[in-house]
S.K.: 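Quick one: the structure is below, and I'll ask about it shortly.
Labels below follow one simple rule: chain letters A, B, ... track the order of the sequence lines, proteins then strands, and each chain is numbered from 1.
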Amino acid sequence: MRYADFTPYDIVLLLQGLGVTLALFVGTTLIGLAIGLALAVAHHYRVPGCRPVIVLVTEALKNSPVLVQLFLVFFGIPAFLHIRMSPVEAATLTISLNTAAFAFVVFRSGIESIDRDQIEAAQVFGLSRSQILRLIIAPQAAAFSVGPLVGILVNQLQVTSLISVIGVFDLTKIGNILNLRTLQPFIVWAVIGLIYYLAAKTLAHAGGRIEAALRKSVKWGGI
Amino acid sequence: MIVAENVEKRFGDALVLKRVNLRVEPGEVVTILGASGSGKSTLIRCINGLEALSGGKITVDGHDVSTKAGLVAARRASATVFQLFNLYPHMTALGNITLAPIEVLKLPKAEAEARARALLDKVGLGAHAGAYPQQLSGGQRQRVGICRALAMQPRYLLLDEVTSALDPEMTGDVLRILAELADDGTTMVFVTHEIEFARHISSRIVFLEQGELIVDLPTAQFFAEDGGLAVPRIRQFLSKMKKD
Amino acid sequence: MRFWRVIEPHIGFLLQGFALTIVACLLAIVGAVLLGALTASMRSSGNRWVRGTANAYGDVFRNVPFLVQLFFFFYGLPELGIYIGAFETGVIAMSIAGGAFVSDVILSGILTVDTGVIDAAKVSGLSRIKIFTRIVLPIALRVSVRPMGSILINLVLTSSILSTITVNELTGAAKIVAATTFKPFEVYAVLLVLYASLTTLLSFAISAIHRRLNRFMMGG
Ligand SMILES: Nc1ncnc2c1ncn2[C@@H]1O[C@H](COP(=O)(O)OP(=O)(O)OP(=O)(O)O)[C@@H](O)[C@H]1O
Ligand SMILES: [Mg+2]
């Protein structure tokens, strides 16, 4: 026999790969959303000198291939700054920033879409700037943003497959290993594809429920 | 000849046409009158096969519109002008008019265009052959719509309230063209609220009342005291139309 | 400056890669539009099996990473006895993935076509196929220019992934240059700026085409 058959242990391998993919996805999502939100707030309050830089950087991130970004971070930065960087670190940094760039756009338009009148009305009620942000803008921006954010995250989940190229042992990398060992590409890549598909569907479904819940609460709790 | 026999049409539970019988001979201009919702448009859409019949039968020159082959032949024999023009928005006036002659009649492009330009000249739009619908006024669009129908050289022209989306001045332009067509002997089935115009050009008038065709008379008799006007519903309808 | 000094000796090689990227994207967008138009027409069909098949295709290829799709074809096709080059495989994979997105765009374009306009085409005796190809599709494509443009831009970005199956398009070529010069930062930084400029230029071009094609269209 030229190739080794599938073994029960391969299931464990797949689960490990899925675990790495999901962990990296969740981690970069949290970091990315936080950075994206911070950028949107900085942009909204016109922090001096911030706007052009934020826009330039996020546009560059959105308009260039993630693979190139990964190469720049994983191969380029260590060579340039003479530091060490592991594949996981490079992957986390790159995907987080990438998510942040897309999230920034969503948060920004979420903030913009809220009626200026409401903010003025709240100022009449004597709310401070930070209260307005916390009590009015944030909940509504969240409700407006969930739909597009879910779309972005479903996409980013797929983007994580690229980290296998710089050597992270995620689900796709496990696929590569099984593919080389078993020489059964159809089965291997169909199974890997199916797992990604199910993960994406689960994510989209959960996102839909969160969106519905948030919209409801904003409707009830609006000022 | 267009023949409708016991035509019925339902939308869900609503019976919109009830055993309608109608014959249109070549050379006739038949006007369909009736209140809003009485089923005039539906009858036209049954004749050109846009709605499937729920009962009865319609033939155009003997071609049964409820069969596939019959519908193809029936649509070759007739052409429709619509209330809201329904021009192809991505094509010029010329493109709108030549599409079906080229694709359906298989005319050479040059011949189809020559025919289209002649028609456009006739309706006073010779200079607008290259214009897109969006660049034309309502009245101009409807004249293109008429040219598009005529380019197929139909034996029957079906017109459903072709002036009701136009303001009075443009209505006049379009009606003049229709009057000329009638003089040339074009067979027309005509839905309109322009009573005076209908009286002028129709050879016959039929009246629809809640899906029933209750009166079918030559024009003179329809407007005679002892003819159509003797029917209370028609008298009421006409006097209401005059007031509007 | 230092970036240019690193790149300059390899500019010819990089331009070759760039040309390959352009060719791959052009072929893929044509493939994607053909496939997307076919899928969209299937999705607006009355037959539920036809509709179901088309929907499933769109759903699957939009929810599986492109890299996985690419490996599926790259390693899988030879198993079927189909031996085509990596470049051809890449173009096919990009067309299939792109088609899933294009079908969405065209379908919503189709739904914007006024039913009265279709009625007019029907009564004039045009066949169903002619109505679709001469009336419905051209109108749908015009209103779809913008979203179609973002799909093309995404294809440009996606094409960099072909470097993982040994295609030396722009990213593949840059990888080789980075390895030979030992200056990965300079090479990839330039590459990133190149891609970003290319896609930005594209989006300007798309806006211009949109305006031009929709000059005379209602509501456009
Ligand atoms: N597609 C449809 N689905 C359901 N009901 C319809 C449909 N088309 C027409 N109807 C109904 O059929 C009846 C007749 O409509 P039709 O459009 O034929 O009237 P009409 O005589 O042309 O009226 P109008 O003068 O306002 O144009 C109306 O009650 C209308 O609501
Ligand atoms: Mg009507």
S.K.: Is it true that, when you exclude C:L111 itself, more than 12 heavy atoms of the residues, nucleotides or ligands shown sit nearer than 6.0 Å to its CG?
M.R.: yes
S.K.: Is the number of heavy atoms from other residues, nucleotides or ligands within 6.0 Å of CZ (B:R23) greater than 12?
M.R.: no
S.K.: Does C:I135 reach the side chain of B:M91, with side-chain heavy atoms less than 4.5 Å apart?
M.R.: yes
S.K.: Which distance, rounded to the nearest 0.5 Å, do you find between the OG of C:S124 and the CG of B:N96?
M.R.: 10.0 Å
S.K.: For C:K130, is it the side chain, the backbone, both or neither that has a heavy atom under 4.5 Å from a heavy atom of chain B?
M.R.: side chain
S.K.: Indicate the atoms forming the closest heavy-atom contact of B:R148 with C:A120, along with that distance.
M.R.: NH2-CB, 3.4 Å
S.K.: Can you give me the closest heavy-atom contact between C:P138 and B:H90, atom names plus distance?
M.R.: CB-CD2, 3.5 Å
S.K.: Show, in sequence, the C-alpha distance, side-chain angles and deciding distance for C:K122 and B:N48, and conclude whether the side chain to side chain contact (heavy atoms under 4.5 Å, CB included) test is met.
M.R.: CA-CA 9 Å; C:K122 279 185 189 164; B:N48 61 25; over 6 Å; no
S.K.: For B:L84, is it the side chain, the backbone, both, or neither that has a heavy atom closer than 4.5 Å to a heavy atom of chain C?
M.R.: neither
S.K.: Evaluate the side-chain proximity of C:I139 to B:Y88: yes if any heavy-atom separation is below 4.5 Å, no if none is.
M.R.: no
S.K.: Give, for atom CD of B:E103 and atom CZ of C:R134, the distance between the pair rounded to the nearest 0.5 Å.
M.R.: 5.0 Å
S.K.: Taking all atoms of both residues into account, what is the closest heavy-atom pair of B:N86 and C:D114, and its distance?
M.R.: OD1-OD2, 4.3 Å
S.K.: Against chain C, work out which of B:V81, B:L99, B:L71, B:T92 has the most heavy-atom pairs shorter than 4.5 Å and name it.
M.R.: B:L99
S.K.: Can you tell me which portion of C:D119 sits under 4.5 Å from chain B's heavy atoms? Options are side chain, backbone, both or neither.
M.R.: both
S.K.: Look at B:Q83, B:R76, B:R45, B:Q135 and state which one has the largest set of heavy-atom pairs under 4.5 Å with chain C.
M.R.: B:Q135
S.K.: Heavy-atom distance under 4.5 Å between the side chains of C:L126 and B:V104, does that happen here?
M.R.: yes
S.K.: Surrounding CZ of C:F204 (heavy atoms of other residues, nucleotides or ligands, distance under 6.0 Å), is the total greater than 12?
M.R.: no
S.K.: Return each pair, listed once, that meets ring-ring contact (aromatic ring centres under 6.0 Å, His included) where at least one residue sits in residues 83-136 of chain C; pairs must be two or more places apart or across chains.
M.R.: none
